[in-house]
Student: 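Mind looking over this structure? Questions follow.
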Amino acid sequence: MSEIDALLTENRRFPSPPAFQRVATVSDAAVATAAAADPDAYWVTMARQLEWITPFTKGLEWTAPFATWFRDGQLNVSTNCLDRHIRTARRNKAAIIFEGEPGDTRTLTYWQLYIEVCKFANVLRSLGVRKGDRVAIYLPMIPEAAVAMLACARIGAIHNVVFGGFSPESLRDRINDSQCRVLITADGGFRRGQVVPLKRNADAAMTDTPSIEHCVVVQRRAGAMSEETHAQMQDGRDAWWHRLMQKAPLQCEPAVMDAEDPLFILYTSGTTGKPKGIVHSTGGYLTGVTTTSRQVFDLKDDDVFWCTADVGWVTGHSYVVYGPLANGATCMLYEGAPDWPDKNRMWDMCERHGVTIFYTAPTAIRAFMKWGEKHPNQHDLSRLRLLGTVGEPINPEAWMWYHRVIGKERCPIVDTWWQTETGAIVISPLPGLTETKPGSATHPLPGYSVALVDTHAQPIPVGGGLLTITRPWPSMLRTIWGDPQRYVDTYFSKWPGRPDLYFAGDGAKLDDDGYWWILGRVDDVLNVAGHRIGTMEVESALVGHPSVAEAAVVGKDHELKGQAIAAFVTLREGFTATSALRDELREFVGEKIGAIAKPDDILFSADLPKTRSGKIMRRLLRDIAEGRALGDTTTLADPSVVAGLKEQYEAQES
Ligand code: WTA
């Protein structure tokens, strides 16, 4: 039985536990019914719960595929996340509980976070940053990452957070594409006991980023950096964060932002070699993340919410920083690896910090499973009351393990489907209401219009198809930075004449009960350990190596990571296929993009299977990489190529 069939015969059901239901924020299905009847009015009601400087009079305005929300309203995201709370008893409540990998901890109350943000916002202004300017953030998971983001929001600068695992080249390209004036980084961060030399990477990137005027450097741990990672400061350009903060005034007037002003740009992989700068708005984005955080995570004043995502990804933006803080929640921030120094690190932290809500990726759950129950079982996890997953389909087996071993069969699980582009969760159970099935993200949340369609855009009530969103939602991306045409082409052009249909790039199934089962990407985007990587990005990295003539990259099933990268490489004349060259190519991709993009397998081949018109047959390469019988090869220019490749691949594997 294939995995998909197995999913669809999954008939275990888990109703919301009564104890949870009694106190849940959403426990009445009437919300969903009302939202379905008039989604635009529903979102207007949700948006009114934010603090507006100038209240809006418009809701959705839509000329497909472009939409605006609350266009004439004005607000500031940082005042919604901070000033609102410091006027209340939340003033002294923990906003951020931070733990570094070496074990250092810091807690910032809402008041302290507010002061830090105001001060850093003043620092940015003193460096000449103005409303609408772009600021790059390349930091470890430390409180300064949230401070920097909120400080940008305070003065109306657009942040561009780049994941600390990306290479100097990736950082450089993201800075240049959005023309950032300031880069905020750290001397280093800790990962598996090693120092990640962020400033050194930043220096390498800044050799070719003409728009950067200043670089602010956080001293991660005084004295902890070795000689070689110690940051070299360039006079006139680089300055230490703590020095700048010493002189910064404590008050900072928030910028008055239009609802449609961009809040941030976040780059994500697409089907071409060049990542897309996804642009998110101020008012709509905040409405989406605030509403979904409250509903899906059921945030209460005494919760400790731990979303394990890095701020370099959208999950870190929406559910480490903006959504929880807008709700006045307490968030955990952890810098390091889940298995450092031991495989019980996460559970140890849950116990020590009294975590009540835990949100992570299936790839992490599969790793926890593999490491064994003994690690979580050493810890008192009785405070946990809600579990969540995001980033990739969760297999029922991992779901059940999470439910039993971590949730002790008491905690609802919210499997949340969404994307960088959607800004906020779209499909997910409501934990006080929805009966869950292991492996299903269940139903769209209130206010979203999601439809499964066939290749002709016809709705499919039951069965498999393509996931589309049929009406704009407030936190949807507004455009791709500098490339509005690519926005139209990528998301709204799959069906000519239907610019109203947002195509998510995912395949899904609807079962007889109307439950959604997300099957994964249907385009050339891989999902490796919950991280999006374009096959073209890896291919263009590979062909950048002097030895490579041609490369084709596909995803193959992987027990832990969901998908792993397999590359088929044709070498140029004069180069010999050796295992040393294979290692060199893996490292090369790591240097070009980042360690997450290193292929697991590289197969050298004199030829790649191509159609007579010269198109590489990726389907066949996937068959080979996954060890399947070869599909139809009759359209190939030279069918013998693929049989040879398969033999070679299998020989290499064994
Ligand atoms: C996948 C991460 C199945 C999907 C928030 C989507 C999921 C891509 C789920 C977006 C889920 C995300 N079940 N698949 N619950 N959540 N995905 O932009 O393929 O990094 O298109 O956003 O992850 O990845 P992104």
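Atoms within each ligand, like the ligands themselves, are counted from 1 in listed order.
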Student: Around atom 1 (C) of ligand 1, find the nearest protein heavy atom and jot down its residue, atom name and distance.
Tutor: Gly391 O, 3.3 Å

Student: Pick from Thr389, Thr442, Val296: which one makes a side-chain contact (heavy atoms from CB on, under 4.5 Å) with Ser428?
Tutor: Val296

Student: Under 4.0 Å from a heavy atom of Thr315: give me the atoms of ligand 1 that qualify, with their elements.
Tutor: 5 (C)

Student: For atom 8 (C) of ligand 1, which candidate among Tyr319, Trp418, Trp516 holds the nearest heavy atom?
Tutor: Trp418

Student: Is the closest side-chain donor-acceptor distance between Thr356 and Asp303 under 3.5 Å?
Tutor: yes

Student: Can a side-chain donor-acceptor contact be found between Thr25 and Asp298 if the only test is distance below 3.5 angstrom?
Tutor: yes

Student: Is the Tyr138-Phe166 ring centre distance short of 6.0 angstrom?
Tutor: no

Student: For ligand 1, indicate whether the residue Asp506 contacts it via side chain, backbone, both or neither (heavy-atom separation under 4.0 Å).
Tutor: side chain

Student: Decide if the gap between the ring center of Tyr285 and the ring center of Trp473 is smaller than 6.0 angstrom.
Tutor: no

Student: What I want to check is whether the side chains of Thr272 and Arg486 have a donor and an acceptor closer together than 3.5 Å.
Tutor: yes

Student: Which atoms from ligand 1 have a heavy atom of Val314 less than 4.0 Å away?
Tutor: 5 (C), 22 (O)

Student: Tell me whether Glu421 has any N or O atom under 3.5 angstrom from an N or O of ligand 1.
Tutor: no

Student: Mind checking whether Thr416 has an N or O less than 3.5 Å away from an N or O of ligand 1?
Tutor: yes

Student: Nearest protein heavy-atom contact for atom 18 (O) of ligand 1: which residue, which atom, what distance?
Tutor: Thr420 OG1, 2.6 Å

Student: Below 30° counts as parallel, above 60° as perpendicular, anything between as tilted: where do the rings of His159 and Tyr322 land?
Tutor: parallel

Student: Using a strict 4.0 Å cut-off to heavy atoms of Asn527, name the atoms of ligand 1 that fall inside it.
Tutor: 1 (C), 23 (O)

Student: Does Pro393 have a non-hydrogen atom less than 4.0 Å from ligand 1?
Tutor: yes

Student: With Arg471 as the cation and Tyr448 as the aromatic partner, state whether NZ or CZ is under 6.0 Å from the six-membered ring centre and within 45° of the axis.
Tutor: no

Student: Going by heavy-atom distance to atom 11 (C) of ligand 1, choose the closest among Arg532, Gln419, Glu392, His317.
Tutor: Glu392

